[in-house]
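Whatever order the structure lists them in is the order used to number ligands and atoms, beginning at 1. Keep in mind the model is a prediction, meaning the values are calculated, not measured. The figures that follow rest on heavy atoms only: side chains count, while hydrogens, waters and symmetry mates do not.
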Amino acid sequence: IRMLLIGPPGAGKGTQAPKIKEKFSCCHLATGDMLRSQVAKKTPLGREAKKIMDQGGLVSDDIVIGMIREELDNNPECKGGFILDGFPRTVPQAEGLDSMLRERGQTLQHAVELQIDDGLLVSRITGRLVHPASGRSYHSKFSPPKKAMTDDITGEPLIQRSDDNAEALKKRLTTYHSQTAPVVRYYQKTGIWKAIDASQEPGTVWNSLLAIFDGDS
Ligand code: AP5
Ligand code: ZN
């Protein structure tokens, strides 16, 4: 499969994408996860990106396009296709993706928008717990881990993201509406855009995705 998930912070991109990866044996490319791994390693890019991410802004288009290109070229899992999560989030990134795919003789099959009102996102974001190494996420109320603050699979500790507070979320939402809403309109013109009601419970959102994939392999 070759597809992308687009939606505001907390819409459920990182919750649904691993299920798509499992179903289609493709790669899951999340630019936010890639940037957080640079932050954790304290690389020069990571130090620069952390300031921007904690303020709810966007890292430069060239950097994230380069990260995606690198994965598409070298990640063996991407041979089975890809699911993009959090990329593209500006029109120049969407154009960059188009030219990367053109070079490869590939096309996108689905651009799925996870639609949800801003008001529902505060509780999702402030309750999120993540396992940094895998990117797996939980929610203290909506999908708690089996043991408090502990990853179900590795037993390692869960943390809260440094940008998961009400103040940073407000800025991330402003950025989404100004920079990423135009990307939604970009895909609406293409015929591969579909929208899902992302306010439903995770299993219902998954069923809506399955309906979109009907017939894909
Ligand atoms: P990124 O990591 O992409 O963050 P985001 O877009 O703000 O999205 P989130 O990860 O917050 O939301 P999600 O949709 O994945 O939600 P999740 O499924 O975890 O980016 C972070 C930063 O990196 C950006 O702000 C930017 O600075 C930078 N960056 C990244 N990509 C970039 C790019 N391309 N260009 C430039 N800069 C870039 O769910 C959230 C919570 O809700 C979880 O606790 C989950 O358990 C719960 N939940 C999920 N679904 C449901 C449901 N249906 N019902 C109830 N609870 C649910
Ligand atoms: Zn995410």
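Nearest protein heavy-atom contact of atom 25 (O) of ligand 1 is Gly57 O, 3.8 Å. Closest to atom 50 (N) of ligand 1, if we only count protein heavy atoms, is Arg124 NH1, 3.7 Å. With respect to atom 31 (N) of ligand 1, the closest heavy atom belonging to the protein is Thr31 OG1, 2.7 Å. With hydrogens left out, the protein atom closest to atom 19 (O) of ligand 1 is Arg128 NH1, 2.7 Å, a heavy atom. Closest protein heavy atom to atom 8 (O) of ligand 1: Lys13 NZ, 3.1 Å. Among protein heavy atoms, the minimum distance from atom 28 (C) of ligand 1 is reached at Leu35 CD1, 3.6 Å. Considering only non-hydrogen protein atoms, atom 43 (C) of ligand 1 sits nearest to Tyr138 O, 3.7 Å. Scanning all protein heavy atoms for the shortest distance to atom 30 (C) of ligand 1 gives Arg89 NH1, 3.5 Å.
In terms of polar-atom proximity, Gly12 is counted as a contact of ligand 1, with an N or O under 3.5 Å from an N or O of the ligand. Taking distance alone, with nitrogen or oxygen atoms compared against 3.5 Å, Arg36 approaches ligand 1 more closely than that limit. At least one N or O atom of Val59 sits closer than 3.5 Å to an N or O atom of ligand 1. Among the atoms of Arg172, some N or O lies under 3.5 angstrom from an N or O of ligand 1. Of the N or O atoms in Gln200, one or more lie within a sub-3.5 Å distance of an N or O in ligand 1. Of the N or O atoms in Gly10, one or more lie within a sub-3.5 Å distance of an N or O in ligand 1. Considering backbone and side-chain N/O of Gly14, one or more are found under 3.5 Å from N/O of ligand 1. At a 3.5 angstrom cut-off on N or O pairs, Gly127 does not count as close to ligand 1.
Using a 4.0 Å cut-off between charged nitrogen and carboxylate oxygen, Glu103 and Arg69 count as a salt-bridge pair. A salt bridge does not link Lys13 to Asp85: none of the charged side-chain nitrogens sits closer than 4.0 Å to a carboxylate oxygen. Ion pairing between Asp164 and Arg172 holds under the 4.0 Å rule for side-chain N and carboxylate O.
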- Task: Could you please spell out the steps behind the side-chain contact (heavy atoms from CB on, under 4.5 Å) verdict for Phe82 and Leu84?
- Result: CA-CA 6 Å; Phe82 55 77; Leu84 303 176; 3.7 Å; yes
- Does the side-chain contact (heavy atoms from CB on, under 4.5 Å) test come out yes or no for Glu77 and Lys21, once each step is laid out? CA-CA 9 Å; Glu77 290 180 333; Lys21 170 179 168 158; 3.2 Å; yes
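Atoms OG1 and CG, from Thr43 and Leu35 in turn, are 9.0 Å apart once rounded to the nearest 0.5 Å.
Taking every heavy atom of Ile125 and a limit of under 4.0 angstrom, the matching atoms of ligand 1 come to 11 (O). The ligand atoms of ligand 1 that sit less than 4.0 angstrom from a heavy atom of Ser143 are 46 (O).
In this model, Cys27 has its SG atom within less than 2.5 Å of the SG atom of Cys78.
For Glu201, every heavy-atom contact with ligand 1 shorter than 4.0 Å involves the backbone, none the side chain. Neither the backbone nor the side chain of Asp164 comes within contact range of ligand 1; no heavy atom lies under 4.0 Å.
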